[in-house]
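All of these numbers come straight from a predicted model, not from anything done at the bench. Letters A, B, ... mirror the listed sequences (proteins, then strands); counts begin at 1. Below, each value reflects all heavy atoms present in this structure, side chains not excepted, and no hydrogens, waters or symmetry copies.
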Protein chains: 2
Amino acid sequence: MNERLRKRTDSGDEDLLFLTDDQIRRGIEAMFFAYRGFTADPDRILARSGYGRAHHRAIHFIKRFPGTTVNNLLDILGVTKQSLNRVLRRLIDDGLVESRVGEQDRRQRNLYLTAKGEAFERELSEAQRRRVRAAYRAAGPEAVAGFRTVLEHMMDPDLRRHYEALRRRRDGA
Amino acid sequence: MNERLRKRTDSGDEDLLFLTDDQIRRGIEAMFFAYRGFTADPDRILARSGYGRAHHRAIHFIKRFPGTTVNNLLDILGVTKQSLNRVLRRLIDDGLVESRVGEQDRRQRNLYLTAKGEAFERELSEAQRRRVRAAYRAAGPEAVAGFRTVLEHMMDPDLRRHYEALRRRRDGA
DNA sequence: AGTTTATGTCAGCTTCGTTGACATTCCAAG
DNA sequence: CTTGGAATGTCAACGAAGCTGACATAAACT
């Protein structure tokens, strides 16, 4: 572990060197550069078919929550329905996503990936997982645990709770 | 530390449970949600003045590298010069950034924040640091070290080297 | 019957990516 | 010294993907 972060005073106080403005600033820049690396591979694949990150996000969450409704997706993605609709329209027209009228509530549309959509999702997610796995492997398990911990604290708490509720609902049913 | 990540076989092999597809996928989603939180506060401030993230990025790196050239900024930001120019044009017209013709090479433009630009930069960066600092504090120093380690490995290695060379040049001169 | 909710769509605006064309400046080869 | 290519910066136009506002439709709820 970084020596500069482990120093303590002999009175036992936490050393707060990891909270200096300069350390924080480095973290901010690292986040910016890392996010670029994080999206680079899927971006290339998406560009081949004329899609963007918006399509990737929709595909990803439909894969995780098959049968989810449009409203649900709106909450997770945090965009307007007009914006999502443009993306979804294209995915449906291209035969990657299927939209079925809800059984209990026929106003709702339940969204599913088609076989073609599943294949594309696999291509995207394998590319991205490869990159993240390489970073994880290089950094080691302790670093990964810390990485996840900081990210959890950086999210909007409401969104995090909402998302975990969705996951529980999915896994519990 | 997460117990599931610490298990080892009695032969001493690393347990690779932190590299399962499901763990990686959770990391990917965490990255997505965290990045939203990470940019939320500056986004609000920027929106008040009709700016976007592109302006924030330009301001940030001009602050870090006063007198940097347009080409330098292009390498760091990873966009086309035409795209950056629009952003820079506006910042210059609004009196946040000053562009001075290079002394040795008069094709170059050296970029500086004006007093007004410095003030705006401070407002943006304080908002973002507040959020990141809160996450750091909640997660603790070990987690932060791990966070930084994983992010470093997630970046494009060439970009990382390039950026560190710039930093050394700045700090060494 | 009237209201609310879920979804979809049209029009129009903005940011911020892109490519192409072009002007300016510098440097180096002839 | 001149001239042609390389580096740099700007202008124009296009596209993707956000946004707001208005409105339509259908289903569900009261």
Side-chain angles (χ1 to χ4, degrees), chain A residues 32 35-36 39-40 42-60 62 67-94 97-112, chain B residues 32 35-36 39-40 42-62 67-94 96-111 124:
Chain A
F32 167 64
Y35 199 78
R36 278 241 300 268
T39 54
D43 281 354
R44 263 189 295 277
I45 295 168
L46 290 157
R48 286 207 307 261
S49 314
Y51 295 122
R53 278 184 206 171
H55 301 89
H56 186 184
R57 294 196 283 266
I59 288 172
H60 175 96
I62 294 171
T68 191
T69 64
V70 172
N71 252 347
N72 240 324
L73 216 46
L74 287 177
D75 288 342
I76 293 171
L77 298 178
V79 296
T80 59
K81 63 175 178 173
Q82 293 91 332
S83 189
L84 178 59
N85 188 256
R86 191 192 307 120
V87 168
L88 231 35
R89 185 78 273 136
R90 170 102 191 274
L91 293 174
I92 292 168
D93 290 348
D94 291 358
V97 167
E98 193 194 340
S99 164
R100 290 186 220 150
V101 171
E103 299 206 338
Q104 313 90 331
D105 187 336
R106 293 168 31 86
R107 288 173 304 182
Q108 295 183 344
R109 299 290 179 273
N110 297 113
L111 303 170
Y112 302 88
Chain B
F32 167 62
Y35 199 77
R36 279 239 301 264
T39 53
D43 281 354
R44 263 189 294 276
I45 295 169
L46 290 157
R48 286 207 307 261
S49 314
Y51 295 122
R53 279 184 207 171
H55 301 90
H56 186 184
R57 295 196 282 265
I59 288 171
H60 176 96
F61 287 107
I62 293 172
T68 190
T69 64
V70 172
N71 244 355
N72 241 324
L73 217 45
L74 287 177
D75 288 343
I76 294 171
L77 298 177
V79 297
T80 58
K81 60 180 177 171
Q82 294 89 333
S83 188
L84 177 59
N85 187 255
R86 191 194 308 116
V87 168
L88 234 33
R89 186 77 272 137
R90 171 103 190 272
L91 293 175
I92 292 168
D93 289 349
D94 291 358
L96 299 178
V97 167
E98 193 195 340
S99 165
R100 291 187 218 149
V101 172
E103 299 206 340
Q104 312 89 334
D105 188 336
R106 292 164 34 85
R107 290 173 301 183
Q108 296 183 346
R109 300 290 179 274
N110 296 113
L111 303 170
L124 286 169

**OP:** Report yes if at least one side-chain N or O of Arg36(A) is closer than 4.0 Å to OP1 or OP2 of dG17(C); otherwise report no.
**Re:** no
**OP:** Return yes if the base of dG21(D) and the side-chain atoms of Gln82(A) contain a donor-acceptor N/O pair under 3.5 Å, otherwise no.
**Re:** yes
Original post:
Would one find a side-chain N or O of Thr80(A) under 4.0 angstrom from OP1 or OP2 of dC19(D)?
Top reply: yes
**OP:** Under 4.0 Å between any heavy atoms, over every strand shown, what does Thr69(B) touch: base, sugar-phosphate, or nothing? Just pick one.
**Re:** nothing
**OP:** Report which part of the nucleic acid Gly102(B) touches: base, sugar-phosphate, or nothing (heavy-atom distance under 4.0 Å, all strands).
**Re:** nothing
Subject >> Gap between atom CD of Glu103(A) and atom CG of Asn110(A) - 0.5 Å precision >> reply: 8.0 Å
Original post:
Has His55(B) got a side-chain N or O lying under 4.0 Å from the OP1 or OP2 atom of dC16(C)?
Top reply: yes
Subject >> Interatomic distance, Arg53(A) atom CZ to Ile59(A) atom CD1 [nearest 0.5 angstrom] >> reply: 14.5 Å
Original post:
For Asn71(A) and dT7(C), is the shortest distance between a side-chain N/O and OP1 or OP2 below 4.0 Å?
Top reply: yes
**OP:** Classify the nucleic acid contact of Arg57(A) as base, sugar-phosphate or nothing, counting any heavy atom under 4.0 Å across all strands shown.
**Re:** sugar-phosphate
Original post:
What is the nucleic acid contact for Arg109(B), judged by heavy atoms within less than 4.0 Å: base, sugar-phosphate only, or nothing?
Top reply: sugar-phosphate
Original post:
Under 4.0 Å between a side-chain N or O of Asn85(B) and OP1 or OP2 of dT10(D)?
Top reply: yes
**OP:** Figure out the CZ/P separation between Arg53(B) and dT14(C), and round it to whole Å.
**Re:** 20 Å
Original post:
Checking only heavy atoms, does the side chain of Arg89(A) share a donor-acceptor pair with the base of dG8(C) at less than 3.5 Å?
Top reply: no
